[in-house]
Student: 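Before we start, here is the structure in question, set down as C-alpha cells.
Excluded from the calculations below are hydrogen atoms, water molecules and symmetry mates; all remaining heavy atoms, backbone and side chain alike, are included. Predicted model only: the values in this text are computed from it and were never measured.
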Amino acid sequence: MADFLLELYSEEIPAGMQVPGLANLLRLFSQAMDEAGAEILGARGYVSAQRLALLVDDIPLHTPERHEVKKGPKLDAPGKAIEGFLRANGLTSVEQLVVNEHPKGNFYSHEISIAGQDMSVVLAQVIPEIVQNFPWPKSMRWGNGSLKWVRPLRNILCRLDSNIVPFEVDGLVSNGHSYGHRFLDPAAIEISKSSDYVGLLEAHKVIVDPVIREAMIAEGSAALARKHGYELIEDAGLIRETAGLVEWPVPVLGNIDDAFMAVPDEVLTSVMRTHQKYFSLHNPATRRLAPAFITISNMQMADGGAAIAAGNERVLRARLSDGQFFWDQDRKIKLADRVSRLDAITFHAKLGTVGDKVNRLEALAAELAVPFDVPADKAARAALLSKADLVSDMVFEFPELQGIMGGYYAVHDNEDANVGQAIASHYAPLGPGDAIPDQALGCVVALADKIDTLTGFWLIDEKPTGSKDPFALRRAALGVIRILLETETSVSLKVIFLAAMRRHHGSRQSAPSFDADKYDGLSEDLLSFVMDRLQVYLRDQGIRHDVVAASMRAGADDVVDVVARGRALMSFIDTDAGSNLLAAYNRADGICQKAKLEVMDATSAIAPELFELDAERDLYSAMQGVMSQGDDASLRETDGFNLFLQALSNLAAPVDQFFDKVMVNVEDQAVRDNRLAILSNLVFLMRKTGNLSRIVKG
C-alpha cells in the first residue's frame, strides 16, 4: 500500500463552488478507483481559495486482475445481432465467444481477463480525465489552451508515495511541488509525501482545511470584538463564505462614522454583510449596533492591519453614504402614497400587479384577523401597506431589505406601531431556520400573503413539479403550516383557500363567471399539497408521518387539529394496549377483507343470542361502552378524540381474549356471520381514529 497526494492549484475559486468542487473530486476519484478494482482507505480532501487537494493514506500499488463477462445474444438470435455483438467487442468470429447454458435458452458471452496494472499507470490515465471532465457550474478557457476549469489552472501536484505520477494536461506537466500563500510566501514548496502536505502549507501561510479556517475566523473575530468592548454578531453563513476567500485569515477591526449610526441597523448590516463581507458587532453598553465592523484579511501586516482597516472604512463610507441618502429621500414620501405606484409592478403576467395583490391581501387579512384575535382594521391596513416599500429607493438598491424598510417608514409616518412591526415581519418565515413573526398582527399579514400566493399559482396551474419550484410554493406552504402550528391557531384552510380564490377571480379583468365546482376541486388539491408538506415537516418534529397520515380524517383542513390528533394517536399506539389493538385491527381488517365484508356500523347485525363463548360476550359488551364515546361531533373535538382513545384502550384485553378463544370461520354460517359482524364493528370503531392501515407496522 502507498500514500497518494493530488493538488490542483489555480487562481481563486469562487467561495460557493469550493465545497461542492471538493465533493466532486472525491466522488470522481472514488468512482475511477472502483472501476479499476482498487480499494482505497483513508481518502480525504481539502479546499481553499486556490487549491483542491486529495489525500489517500492507503492505496494499492497495483490493481488486481479482473475477469469480466459480457452477455451477448441467444444462439438462435438473428445473424446481424450476433455480428453486432462481435463488432462491438472487437471480435471476428463466434469461435471467440463462450456459450452459456440457461433454462430460457443458451446465449453467447464474451469473457475478458484484464491484467492488473501498476497504480501509477492507472493514475496517469484517470487524473487527466477527471481534470478535463470536471463538472464545475461555470468554467473558463484561458490563453491558447483548450482546458476548461473554474479559473486558470496553474499547477498539478501528484505523488504516489515519493514518486511523481507522470502525465500532462493541456500543457501542464504533473510535478511534486505546491505553492505557499500568494502574497505572504509565494515560493514553490517541494512536498515529498502526503503526510507533510498540511503542515508544510501551514508553515508557508496556507491553511488548507476549511473547518480550521472557519474556526480561526469565528474565534479570532470574537476575541478582537471583546478586546474593543463589543460582541460579535454570529453569522455562520458569512463565516463559511469568508473562509472561502482567504487562505490565512486575519481579523481586522474598522470603525463606522458616527454620522451613519442614525441609519437603521438593518441598512448598516445589509451593506456590510451583502456588499462588503464584513461582520457586524453589537455594543452591549448601548444595546445597539456598534459603530465598528470586522473584516477578514488575507494578509498579515506589520502595522497590525491599520492600512487595511482604513481602506475598508473608505469603501464602507461610500456605500453607507448611499444608504443614508436613500433613507433621507424615502421618508419624504409617505408609505401610503406609494401604494398606487404598485399598479405599475407586475406580480405575474396571469395574476396581475402587486397593486392587485395588496388589494386582495387587505380583504384576506381582515378575514384572518378573527381567529388571531387582532383588530380587522389594523390587519387590513398592514396588508395594504405591506408591499409599498418595493417602490422605495432603498429597497430598489437593497432588495433584501423589503418589508423591513416598510416597517420603518410606517412608524415614521405615524402609523400604528403594531402595523409597522407587521409590515417589517410579513415575509417571515423565509426558510426552515427563520422564525415566524413575533406578534399576531404580523402572523396575519404573513399568512394572508402566503395563502394569496399559493391560491394564485394554483389557479393558473403553476404548481411545483419534481425538484422544480420556481415560485417557492413549498416554502410558502411550510410558512402557512408553521404560523398556524406555532401560534396554535385553528382555521379551516379550505374555507380560506376558496375565499382567496374568489378574490383572485374578482381581481381578474374579463374573468368568466365563477365556477364553484372547479374552484372547490382546486382548493381540495391545494389542501392536499399543504397536508403533504405537513407530513414532511413533522418528520423532524418527533411525530411519525405515517401516524399523522392515519389521523387525517376525510376533509380535515385544520393543521392544528390534525397534529393534535396525530400526537394523541402516536401516544396511544406507543402504549402496550394501543400496540396490541393496532395489531388486532390489522388482523380483524384482514379477516373482513378476505370475507369480502363491507366494514360498517354493524351493531344491528350482531345477534347476542348466537354468542357461544364468554369471549364474544365480553368483547361485545366492551364495544358497546366505546360506542357511547364515539359520536362524530365529539370526535371532531381534540378532547373528545382523546377520550375516545382512552375508551378504545379498554378493548385491549377483551380483543386479545376473542382472538385467543374464538374461531371465526366455523361451519355454522349464522355463528360465522355473527362473529364477522363483531369484527366488522371493531374495525369500524377503530377507524373513527383515522386510517390505521397507513401506520407502518413494526
Side-chain angles (χ1 to χ4, degrees), residues 1-10 13 15-66 114 116-137 149-150 153-167 169 172 174-179 189-203 206-215 240 243-244 247:
M1 302 295 280
D3 296 338
F4 174 66
L5 169 62
L6 171 69
E7 184 200 66
L8 303 169
Y9 178 82
S10 68
I13 305 168
M17 296 187 190
Q18 291 174 19
V19 173
L22 180 58
N24 279 326
L25 178 60
L26 289 165
R27 176 181 59 83
L28 292 171
F29 183 77
S30 295
Q31 287 178 355
M33 291 299 98
D34 285 344
E35 290 171 5
E39 182 179 358
I40 58 174
L41 299 173
R44 61 196 184 281
Y46 299 102
V47 64
S48 72
Q50 288 198 264
R51 61 201 86 216
L52 283 175
L54 169 67
L55 287 78
V56 182
D57 293 333
D58 290 304
I59 189 170
L61 286 171
H62 300 275
T63 60
E65 182 180 347
R66 289 179 293 151
I114 302 174
Q117 289 182 288
D118 187 272
M119 180 54 72
S120 63
V121 174
V122 175
L123 292 170
Q125 294 172 344
V126 302
I127 299 301
E129 291 175 1
I130 289 173
V131 173
Q132 290 165 341
N133 299 291
F134 204 83
W136 292 110
W149 197 250
V150 61
L153 189 61
R154 298 306 188 198
N155 188 68
I156 302 176
L157 158 63
C158 192
R159 281 191 184 274
L160 182 64
D161 271 347
S162 59
N163 300 313
I164 295 170
V165 178
F167 59 83
V169 179
L172 282 176
S174 59
N175 55 65
H177 64 263
S178 180
Y179 293 92
I189 313 164
E190 192 70 19
I191 301 178
S192 59
K193 53 183 179 179
S194 61
S195 58
D196 294 339
Y197 176 73
V198 174
L200 278 173
L201 283 179
E202 183 173 354
V206 175
I207 303 295
V208 291
D209 191 333
V211 175
I212 295 177
R213 291 199 305 274
E214 288 179 21
R240 283 193 298 272
E247 291 192 320

Student: So how far is it from Ser174 OG to Leu8 CG, rounded to the nearest 0.5 Å?
Tutor: 11.0 Å

Student: Could you report the tightest heavy-atom contact between Ala53 and Tyr197, atom names first, then the distance?
Tutor: CB-OH, 3.4 Å

Student: I'd like to check the side chain to side chain donor-acceptor pair (under 3.5 Å) partners of Gln117; sequence neighbours left out, ordered by chain and number.
Tutor: none

Student: Does anything in residues 120-129 form a side chain to side chain donor-acceptor pair (under 3.5 Å)? List the pairs, not counting sequence neighbours.
Tutor: Asp118-Ser120

Student: Roughly how far apart are Leu54 CG and Leu157 CG, rounded to 0.5 Å?
Tutor: 11.0 Å

Student: Once rounded to the nearest 0.5 Å, what's the spacing between atom CG of Leu26 and atom CG of Leu52?
Tutor: 9.0 Å

Student: Looking at residues at least two apart in the chain, or sitting in another chain, which of them share a salt bridge (Lys or Arg N to Asp or Glu O under 4.0 Å) with Arg44?
Tutor: Asp57

Student: Please report the shortest heavy-atom distance between Ala38 and Thr63, naming the atom on each side.
Tutor: CB-CG2, 4.4 Å

Student: Quick one: pull up CG in Leu153 and OH in Tyr9 and give me the separation to the nearest 0.5 Å.
Tutor: 11.0 Å

Student: Using side-chain heavy atoms (C-beta onward) and a distance below 4.5 Å, is Asp3 in contact with Ile59?
Tutor: no

Student: Does anything in residues 19-33 pair up under side chain to side chain donor-acceptor pair (under 3.5 Å), and if so which pairs, sequence neighbours excluded?
Tutor: Asn24-Arg27

Student: Side chains of Leu201 and Ser178: does their closest heavy-atom pair fall under 4.5 Å?
Tutor: yes

Student: Which residues pass the side chain to side chain contact (heavy atoms under 4.5 Å, CB included) test with Ile207, not counting sequence neighbours?
Tutor: Glu202, Ile212, Arg213, Met216, Trp248

Student: Taking only residues two or more places apart in sequence or in another chain, which ones pass ring pair (Phe, Tyr, Trp, His ring centres under 6.0 Å) with Phe134?
Tutor: Trp136, Trp149

Student: Could I get the full list of side chain to side chain contact (heavy atoms under 4.5 Å, CB included) partners for Ala43, not counting sequence neighbours?
Tutor: Ile40, Val56

Student: CG/Asp161 to CE/Met1 distance, rounded to the nearest 0.5 angstrom?
Tutor: 10.5 Å

Student: Residues in side chain to side chain contact (heavy atoms under 4.5 Å, CB included) with Ala32, at least two apart?
Tutor: Val126

Student: Return yes if some donor-acceptor pair links the side-chain N/O of Ser162 with the main-chain N/O of Ser192 below 3.5 Å, else return no.
Tutor: no

Student: Could you tell me if the side chain of Phe29 sits less than 4.5 Å from the side chain of Leu6, heavy atoms only?
Tutor: no

Student: Of all the heavy-atom pairs spanning Phe4 and Ser194, show the shortest one and how long it is.
Tutor: O-CB, 3.9 Å

Student: Can you tell me which residue pairs pass the salt bridge (charged side-chain N to carboxylate O under 4.0 Å, His left out) test with a partner in residues 189-201, sequence neighbours excluded?
Tutor: Arg159-Glu190

Student: Please list, chain by chain and in numerical order, all residues satisfying salt bridge (Lys or Arg N to Asp or Glu O under 4.0 Å) with Arg51, sequence neighbours excluded.
Tutor: Glu7, Glu247

Student: Could you report the tightest heavy-atom contact between Pro210 and Val208, atom names first, then the distance?
Tutor: CD-O, 3.3 Å

Student: Shortest non-hydrogen contact from Pro137 to Met17?
Tutor: CD-SD, 4.0 Å

Student: When rounded to the nearest 0.5 angstrom, what distance separates CD1 in Ile130 from CG in Asn133?
Tutor: 9.5 Å

Student: Asp34: which residues meet the side chain to side chain contact (heavy atoms under 4.5 Å, CB included) condition with it, sequence neighbours left out?
Tutor: none

Student: Looking only at non-hydrogen atoms, find the nearest pair between Gln18 and Gly244 and report the distance.
Tutor: NE2-O, 2.5 Å

Student: Checking His177 now: which residues fulfil ring pair (Phe, Tyr, Trp, His ring centres under 6.0 Å) with it, not counting sequence neighbours?
Tutor: Tyr179

Student: So do the side chains of Leu123 and Leu160 get within less than 4.5 Å of each other, counting heavy atoms only?
Tutor: yes

